[in-house]
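Accompanying notes for the structure given below.
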Amino acid sequence: MKSILRHFTPRGWLATVGAVVLIGVSVWLELLMPDYTKEITSLLILPGSSIGDLLWAGGKMLLCALASLLVSVLVVAVTGYLAADYSFNVRAKLYDAVESFSMAEINRFSTASLITRSTNDITQVQTIIVFGLMMIVRAPLMAGLAITKITDKSAEWTFSAAIAVVIVIVVLGVCFIFAHPLFQRIQTLTDNINRITRENLTGLRVVRAYNAESYQKNKFESANADITNNNMKAHRIMSIMMPSMMLVMNGLSLIVYWIGAYLIEGAPLAGKAGLFLDMTVFSQYALMVIMAFMMLNMIFIMGPRSMVAAKRINEVIDTPSSISDGKGVEHTDTEGEIEFRNVSFRYPDASDDVLKEISFKAKKGETVAIIGSTGCGKSTLINLIPRFYDATGGEVLVDGVNIREYTLEQLHNKIGYVPQRAVLFAGTINTNVAMGDNGTAGYTQEDVARAVRIAQAKDVVENYPEGYEHPVAQGGSNLSGGQKQRICIARAVCRNPEILIFDDSFSALDYKTDRVLRETLKKETAGTTNIIVAQRIGTIKDADQIIVLDEGRIAGIGKHKDLLDNCTIYREIALSQLGEEELKNV
Ligand SMILES: Nc1ncnc2c1ncn2[C@@H]1O[C@H](COP(=O)(O)OP(=O)(O)OP(=O)(O)O)[C@@H](O)[C@H]1O
């Protein structure tokens, strides 16, 4: 419960107080009804009452019923407001938490689970707020007040009502014990089905091209069957509840009347009418007590699932990012300088370091290229510069200062990063290039045009009638691979950063564009330090320093010609791409 209440805003608390008061009024009004029934019945069976008395009593009962209806409507409105306020608040907190996460936390939770937690789980908790509050306040209040109304009646009646309550509690307890673990599993199974659906949709082309539909379908069907079986088992258990409650309710009525019959039969004539009235009122109040427990039944059905959902939401909100802001750096003596000092890195839960004792320095305006076989750690190395992950050993310095000392905003303002897989957002060319901010006054149309020109994307933009306002679909799906890559490069250049990082970002470009782009970059962003991960020797051969990575270690560092002479791995890579003759000429 605490896991839900902690996200209530002051407005939410006010609504809660309002709802509790209204629920109290509604219960009080409902509990008046049996008294009115008693009054009307006594007017009917006792001699000397007029039709006016009957109408007056009936009118009061009708008014009470109408007031109860009005209050019930208000209760629903207030709890609805409360639930909406809770969702708004929690959704914002979840969004902020996920935004602050480093890649380690994103990988730990998985994207599919984060989406389920931000949508489905919130809806679960929202439901329990609306119904739960009503039930939690109403049920004990109604049960408590109704019990006070019946305890002064016959001991036999009270005893039979008490037994009925015990039966109800036992049935509810047994159902809860068996159903709770099943409800707990539902959320994990929902994550699973979301993950498979998501994977299938994003990889649709591969699935079709490889005739893997049945393989994917089997995976989906197995996940679907899992969640369905789990739900069916849970609901089978819960299905026992309602009939059991009805049986107890009807059985109790029967017993109350049966005991009543005996009591009335043995009572003196003058007391028979009073006993009959007591019996009608008692049976109504006793049923209210059972009804109150039936309401609790609802909480037993929805509660466990919502509690699991609330826990999963809090898990995300309470997870601190493993990457935290530094205290900030006022001034640096240099600009655009990157240094790795004996850096090593191990992914969370991995058994071995991916990077080992990496040391190099890139000075302002230099181009440092990183090459090596697949999986040797190139992307991991450059991911340490913007602090997507923190080095687990050694230190990374930018402009002579350990990157952990900068605030993340300061650090990112110095960097323009182009990822390995082009990432574009729904919007226009303009919104994709002039994205975010770099700590200056913002980007002008000239900045965007210059970046697009340097990234060799001018012809792409000019081909569209809307130019820079050309719409970009989600994920850039209406652009070719090379076009997307160039827009991503333009986005990094537009920041006018001290350091540009290219993670194999030229691979989708043809050789000519690759060459022209690098030349233009060199000319137009002369003071910018470039870190380039690449597979092609042609892309990196002019770099000031080339770092050859092998299984996470530096196998060679130097210029193209030196490495050809001194580094076997580099020579092998170069030979595999260019051949002996070509190599002599480069
Ligand atoms: N999130 C992760 N968790 C655990 N291990 C990872 C993670 N990402 C990458 N690795 C492992 O780290 C190693 C280096 O990966 P990295 O992506 O840096 O290689 P790379 O040299 O850039 O490869 P490529 O040229 O194919 O892009 C690989 O063995 C990979 O399996």
Side-chain angles (χ1 to χ4, degrees), residues 98 100-114 195 198-199 202-203 206 319 321-323 338 340 342-360 362 367-394 396 403 415 417-423 481-482 484-485 488-489 492 499-509 514 530-541 543 545-557 563 567 569-570 572-574 576-577:
V98 175
S100 75
F101 281 171
S102 75
M103 294 316 294
E105 285 82 47
I106 303 267
N107 292 342
R108 196 189 113 198
F109 284 108
S110 86
T111 318
S113 179
L114 286 173
R195 181 183 56 77
R198 196 165 177 270
E199 203 175 60
T202 46
V206 177
T319 300
S321 174
S322 51
I323 307 284
I338 302 168
F340 275 56
N342 212 17
V343 168
S344 54
F345 177 74
R346 181 179 299 197
Y347 279 104
D349 303 327
S351 56
D352 202 10
D353 286 353
V354 174
L355 295 176
K356 294 151 200 154
E357 295 157 17
I358 305 286
S359 295
F360 71 90
T367 296
V368 174
I370 301 162
I371 195 164
S373 56
T374 316
C376 67
K378 304 180 293 291
S379 300
T380 307
L381 188 151
I382 54 169
N383 281 344
L384 299 183
I385 306 171
R387 292 189 72 196
F388 295 149
Y389 291 97
D390 269 339
T392 43
V396 181
I403 51 173
I415 296 169
Y417 167 78
V418 188
Q420 192 166 22
R421 200 170 55 88
V423 178
K484 277 195 271 191
Q485 201 59 275
C488 286
I489 294 173
I499 300 158
L500 273 169
I501 300 173
F502 300 97
D503 187 358
D504 208 0
S505 320
F506 301 121
S507 55
L509 308 179
D514 177 356
N530 296 310
I531 307 285
I532 302 177
V533 166
Q535 305 283 357
R536 295 183 199 154
I537 290 287
T539 308
I540 61 161
K541 65 181 176 35
Q545 280 184 81
I546 300 170
I547 295 170
V548 185
L549 270 191
D550 183 37
E551 293 183 0
R553 283 185 195 281
I554 295 189
I557 186 162
L563 288 171
C567 181
I569 295 176
Y570 185 76
E572 278 170 8
I573 299 172
S576 70
Q577 291 183 19

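Being a predicted model, the structure only gives us computed values, none of them experimental. Counting starts at 1 for both ligands and their atoms, following the listed order.
- For atom 5 (N) of ligand 1, the nearest protein heavy atom (residue, atom name, distance) is Tyr347 CD1, 3.2 Å.
- With rounding to the nearest 0.5 Å, the separation of CG in Leu355 from CD1 in Ile554 is 9.5 Å.
- Using a 4.0 Å cut-off to heavy atoms of Tyr389, the atoms of ligand 1 that qualify are 1 (N).
- Residue-ligand proximity: Gln535 is placed with a non-hydrogen atom under 4.0 Å from ligand 1.
- Across Arg421, Gln420, Glu551, heavy-atom proximity to atom 27 (O) of ligand 1 is greatest for Gln420.
- Neither side chain, Ser505 nor Gln485, offers a donor N or O lying under 3.5 Å from an acceptor on the other.
- Atom 17 (O) of ligand 1 has Ser379 CB, 3.7 Å as its closest protein atom, hydrogens excluded (heavy atom only).
- When Gly375, Ala104, Cys376, Gly552 are ranked by how near their heavy atoms come to atom 24 (P) of ligand 1, first place goes to Gly375.
- Proximity of Phe388 to ligand 1 is not established, as no heavy-atom distance is less than 4.0 Å.
- Distance from atom 25 (O) of ligand 1 to its nearest protein heavy atom, with residue and atom name: Lys378 NZ, 2.8 Å.
- The aromatic rings of Phe388 and Tyr417 lie perpendicular to each other, with more than 60° between the two planes, well past the 30° mark.
- In terms of protein heavy-atom proximity, atom 26 (O) of ligand 1 is closest to Thr374 CG2, 2.8 Å.
- For atom 15 (O) of ligand 1, the closest non-hydrogen atom on the protein side is Thr380 OG1, 3.6 Å.
- Closest protein heavy atom to atom 1 (N) of ligand 1: Asn107 ND2, 3.3 Å.
- Not a single heavy atom of Gly372 sits less than 4.0 Å from an atom of ligand 1.
- For atom 7 (C) of ligand 1, a protein heavy-atom neighbour is found at a distance under 4.0 Å.
- Rounding to the nearest 0.5 angstrom, the gap separating the NZ atom in Lys541 from the CG atom in Leu563 is 14.0 Å.
- In terms of the ring pair (Phe, Tyr, Trp, His ring centres under 6.0 Å) criterion, residue partners of Tyr389 (sequence neighbours excluded) are, by chain and number, Phe345, Tyr347.
- The line from CZ of Arg108 to OG of Ser113 is 10.0 Å long, rounded to the nearest 0.5 Å.
- Residue pairs meeting the salt bridge (charged side-chain N to carboxylate O under 4.0 Å, His left out) criterion with at least one partner in residues 371-380, sequence neighbours excluded, are absent.
- Atom CG of Asp349 has 12 or fewer neighbouring heavy atoms from other residues, nucleotides or ligands inside a 6.0 Å radius.
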